[in-house]
Amino acid sequence: MASIRRTLSPAYHDRHYQNGGVNSPSHKFVSGSKYYSPSLSSAVAAFAVNFRRKGPHGLRRAFLRCAVFFVVGFLLGMMPFDHADDEIRARDFSFDIKPPHVNVRFDDAGGAGEIATVKKEDFVVDVRFGVEAARSESSGDGLVFVPRKQLIVVTPTYNRPLQAYFLNRLGQVLRLVPPPLLWIVVEMNSASMETAEILRKTGVMYRHLVCAKNSSDVKDRGVHQRNTALKHIEHHRLDGIVYFADDDNIYSLELFYSLRNISRFGTWPVAMLAQSKNKAILEGPVCNGSQVIGWHTNEKSKRLRRFHVDMSGFAFNSTILWDPKRWKRPTSIPIRQLDTVKEGFQETTFIEQIVEDESHMEGTPAGCATIMNWHLHLQTQRLEYPKGWLLQKNLDVALPLSD
């Protein structure tokens, strides 16, 4: 049977057929393409029909819809989903090797547990960064974190054979004191490299000052060195508890812990050797609780003093130096130690500028029954000071070891 094939006339190449197909040059190009597929051809044909029907307005509407859906999807992607985070967090994707879990039961009574018993005090339950926790009376069981008071330790020093030993010993004690603590070390005329090196190695926060007073006109070197530190504290308005700690004294850690309990002026008894070095004497307050009711004294020449306190037996709030209105001081004259008074009276004349009487003092610890530091008066007169604290030559005599 013969078949007749009729070619389309060029006039009808864009004619629509009943099945919705379109015989167009683009259709022929896609159909005759190497990568022709019916679905792709249908999509392109549908796009061409829609574009011809709706024109450029339909294309704009399509782009507008795409833009709207993109913005909505972007906003949904930025929204936090707590349940999704919890689900992801619940699954451990860490590659770290972890030990197997152990069932632990806290035992408050201290008895043996069924599986594994661990006492609560064996766990670190808090970490303190220079703060102390105190219970708030207004908030019931709530805790209020109170920062520790800064301790400002003032130490006058000078060149002598045991200077390195004294500074290292005091520095190691201060290193054990919880911060904040500022160590102010004062030298005469110039700051020595040896002292600076020791201060750096202690690991304590310090300030190395120099007293520019002419040493030939100085009656008491320590008085002017302490005044230099007081002037520095007043000028920079340092807030804390000021304590005069000579480098040759012996101190306990309990002393520095108790200093932070002082609000205005605190004092305590100091044990010391007598000038004859054959007996120990006690100098300081007699207390009823924290109230000062009397004084210990054993030297007849010093009974005329108003307050019988050693230089290392008291501490005070630094704001007294630069904030007289807070403490209702009658005058704003700077508080300084006096070099013109008789030896042994520097302490009482200085304290009289800070407090009026014993009612403004705080005995520490309660009852003033604990010795927290010693003043030994250990002086070496016949030792030669080695330059740089180093010996220039070795020992002249070497003894062999005996078998």
Side-chain angles (χ1 to χ4, degrees), residues 148-188 190-211 220-230 232-233 238 240-260 262 266-273 280 283-284 309-316 318 337 346-347 364 370-380 383 385-386 388-390:
R148 294 194 189 104
K149 292 182 180 179
Q150 179 176 228
L151 301 183
I152 306 174
V153 181
V154 177
T155 301
T157 187
Y158 61 97
N159 296 339
R160 61 193 190 279
L162 297 180
Q163 181 186 13
Y165 165 72
F166 290 147
L167 286 177
N168 275 297
R169 183 180 64 180
L170 179 56
Q172 295 303 317
V173 174
L174 298 180
R175 188 175 183 177
L176 301 177
V177 180
L181 183 144
L182 175 62
W183 190 16
I184 300 180
V185 180
V186 188
E187 287 192 287
M188 290 294 296
S190 62
S192 64
M193 298 298 296
E194 294 83 3
T195 302
E197 183 179 1
I198 286 181
L199 297 180
R200 285 193 299 267
K201 291 181 178 180
T202 57
V204 180
M205 183 173 63
Y206 72 92
R207 296 188 182 181
H208 194 183
L209 306 182
V210 175
C211 178
D220 191 335
R221 176 185 56 254
V223 170
H224 294 279
Q225 290 175 293
R226 297 186 191 97
N227 286 339
T228 300
L230 294 175
H232 181 83
I233 296 171
L238 301 180
I241 303 298
V242 181
Y243 177 54
F244 298 127
D246 292 342
D247 55 4
D248 57 345
N249 291 351
I250 299 177
Y251 307 93
S252 65
L253 280 177
E254 182 183 359
L255 169 63
F256 296 98
Y257 280 104
S258 63
L259 292 181
R260 291 196 166 100
I262 297 174
T267 181
W268 55 90
V270 178
M272 61 184 65
L273 288 178
E283 189 171 45
V309 186
D310 185 74
M311 189 64 71
S312 61
F314 66 92
F316 61 94
S318 64
Q337 293 189 6
Q346 288 90 353
E347 296 88 348
T364 182
T370 304
I371 303 300
M372 298 184 292
N373 64 306
W374 284 75
H375 192 177
L376 300 181
H377 299 287
L378 296 179
Q379 300 293 337
T380 53
L383 292 179
Y385 174 73
W389 293 313
L390 297 175

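Starting from 1, each residue takes its place in the sequence as its number. What you are looking at is a predicted structure, and each value in this text was computed from that prediction instead of being measured.
Side-chain N or O atoms of Asn373 include one that pairs as donor or acceptor with a backbone N or O of Ser312 at under 3.5 Å. Side-chain N or O atoms of Lys149 include one that pairs as donor or acceptor with a backbone N or O of Ile262 at under 3.5 Å. Side-chain N or O atoms of Arg148 include one that pairs as donor or acceptor with a backbone N or O of Pro179 at under 3.5 Å. Using modelled atom types, one side-chain atom of Ser252 and one backbone atom of Met372 make a donor-acceptor pair closer than 3.5 Å. When atom types are taken as modelled, the side chain of Gln337 and the backbone of Gln346 share no donor-acceptor pair closer than 3.5 angstrom. In terms of modelled atom types and a separation under 3.5 Å, the side chain of Asp247 and the main chain of Leu167 share no donor-acceptor contact.
Between Phe256 and Pro178 there is no side-chain heavy-atom pair separated by less than 4.5 Å. Taking 4.5 Å as the limit, every side-chain heavy atom of Lys201 sits out of range of all side-chain heavy atoms of Asn168. Residues Gln163 and Thr195 have side chains in contact (heavy-atom distance under 4.5 Å, counting atoms from C-beta outward). Side-chain contact check for Arg260 versus Leu151: some heavy-atom pair is nearer than 4.5 Å. Looking at heavy atoms from C-beta onward, Leu255 lies in side-chain contact with Trp268 at the 4.5 angstrom threshold. Thr157 places none of its side-chain heavy atoms less than 4.5 Å from the side chain of Phe166. In this structure, Glu347 and Glu283 have side chains that are not in contact, with every pair of non-hydrogen atoms separated by 4.5 Å or more. At a threshold of 4.5 Å between non-hydrogen side-chain atoms, the residues Asp310 and Phe244 do not count as touching.
Within the model, atoms OG1 of Thr155 and CG of Leu209 stand 11.0 Å from one another, a figure rounded to the nearest 0.5 Å. Separation of atoms NE2 (His232) and CZ (Arg207) is listed at 4.0 Å; rounding is to 0.5 Å. Within the model, atoms NE2 of His375 and CE of Met311 stand 10.0 Å from one another, a figure rounded to the nearest 0.5 Å. Once rounded to the nearest 0.5 Å, the distance linking CD1 of Ile241 with CZ of Phe316 reads 9.0 Å. Put simply, CD on Gln150 and CG on Leu259 are 12.5 Å apart, with the number rounded to the nearest 0.5 Å. For the atom pair Met188 CE and Thr228 OG1, the distance stands at 7.5 Å (nearest 0.5 Å).
For Arg169, the side-chain hydrogen bond (donor to acceptor under 3.5 Å, both in side chains) criterion is met by Tyr165, not counting sequence neighbours.
Looking at every heavy atom in both residues, Val153 comes nearest to Ala245 through CG1-CB, 3.6 Å. Of all non-hydrogen atoms in Gly313 and Val309, the two that sit nearest each other are O-CG1, 3.6 Å. Residue Gly171 comes nearest to Thr202 through the heavy atom pair CA-CG2, 4.0 Å, listed as atom of the first residue, atom of the second, then distance. Nearest heavy-atom pair across Val242 and Ser318 is CG2-CB, 3.6 Å. Here the closest non-hydrogen pair linking Val210 and Ser190 is CG1-N, 3.6 Å. The minimum heavy-atom distance linking Leu181 with Met205 is given by the pair O-CE, 3.4 Å.
Side-chain atoms of Ser192 and Glu187 include a donor-acceptor pair closer than 3.5 Å.
Taking the six-membered ring where tryptophan is involved, the planes of Tyr243 and Tyr251 are perpendicular, since the angle between them exceeds 60° and thus also 30°.
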